[in-house]
Structure formats: structure tokens, C-alpha cells
Amino acid sequence: MEHHIETQSTKISYYVLMILSGLILFVSEGVGDLSNIENYPLLIVVGLTFVVQPLTAFIYSRKYK
């Protein structure tokens with residue numbers, strides 16, 4: 001039961017972090033004009049949040065097949 005709680009809290013924390021980083025990007029760059037984003041490091045971090053979790057899940061699932 002403890003392992004299940006830890007796994008679920010980790011997933012929820014990751015999604016909260018993903019949403020908050022996206023919100024910070026939109027607030028810092030302005031929601032109206034997303035084509036002129038100047039904060040490239042934050043843009044890269046937000047982009048990676050959408051790639052890292054599915055990639056990690058895929059690699060982890062292949063480990064047990």
C-alpha cells in the first residue's frame with residue numbers, strides 16, 4: 001500500500017509541476033502573443049515536461065516485458 005501511495009503521489013506531483021511550469025511560461029511571456037517567446041530555457045523545460053513522463057513510462061514498461 002505504501003508503494004502505491006508513493007507512486008500515485010509522484011505522478012500527481014509531476015502533473016502539477018507540468019501545469020505550473022506552463023502557467024509560469026504563459027504569465028512571464030504574456031498569453032496574447034506566444035509567437036514572440038524570449039525565455040527559451042523555460043520553453044525547453046515546459047516542452048520537456050510533455051516528453052519525459054511518457055518516455056520514462058515506455059522505457060520502464062519495456063524493462064518488465
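Grouped with I19 in one hydrophobic cluster are I12, V16, L20, L23, the linkage being side-chain heavy-atom contacts under 4.5 Å among Ile, Leu, Val, Met, Phe, Trp and Tyr residues. Using a 4.5 Å cut-off between side-chain heavy atoms of Ile, Leu, Val, Met, Phe, Trp and Tyr, L17 forms no hydrophobic cluster with any other residue.
Counting only distance, with no hydrogens or angles, the side chain of E29 and the backbone of E38 share a donor-acceptor pair below 3.5 Å. Put simply, the side chain of Y14 never gets that close to the backbone of S9: no donor and acceptor are under 3.5 Å apart.
Taken from CD1 in I37 to CG in L42, the straight-line distance is 8.5 Å, to the nearest 0.5 Å.
For S28 against N39, the heavy-atom pair with the smallest separation is OG-ND2, 4.5 Å.
Both V46 and M18 are members of a single hydrophobic cluster when ILVMFWY side chains are connected at heavy-atom separations under 4.5 Å.
Listed by chain and number, the residues in a side chain to side chain contact (heavy atoms under 4.5 Å, CB included) with T7 are H3, K11 (sequence neighbours excluded).
A 6.0 Å sphere centred on CD of Q8 holds more than 12 heavy atoms belonging to other residues, nucleotides or ligands.
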Give the table of side-chain donor-acceptor pairs shorter than 3.5 Å for residues 50-57, with sequence neighbours excluded, one pair per line with atom names and distance.
from : atom 1 : to  : atom 2 : distance (Å)
Q53  : OE1    : Y15 : OH     : 3.4
T56  : OG1    : V52 : O      : 2.7

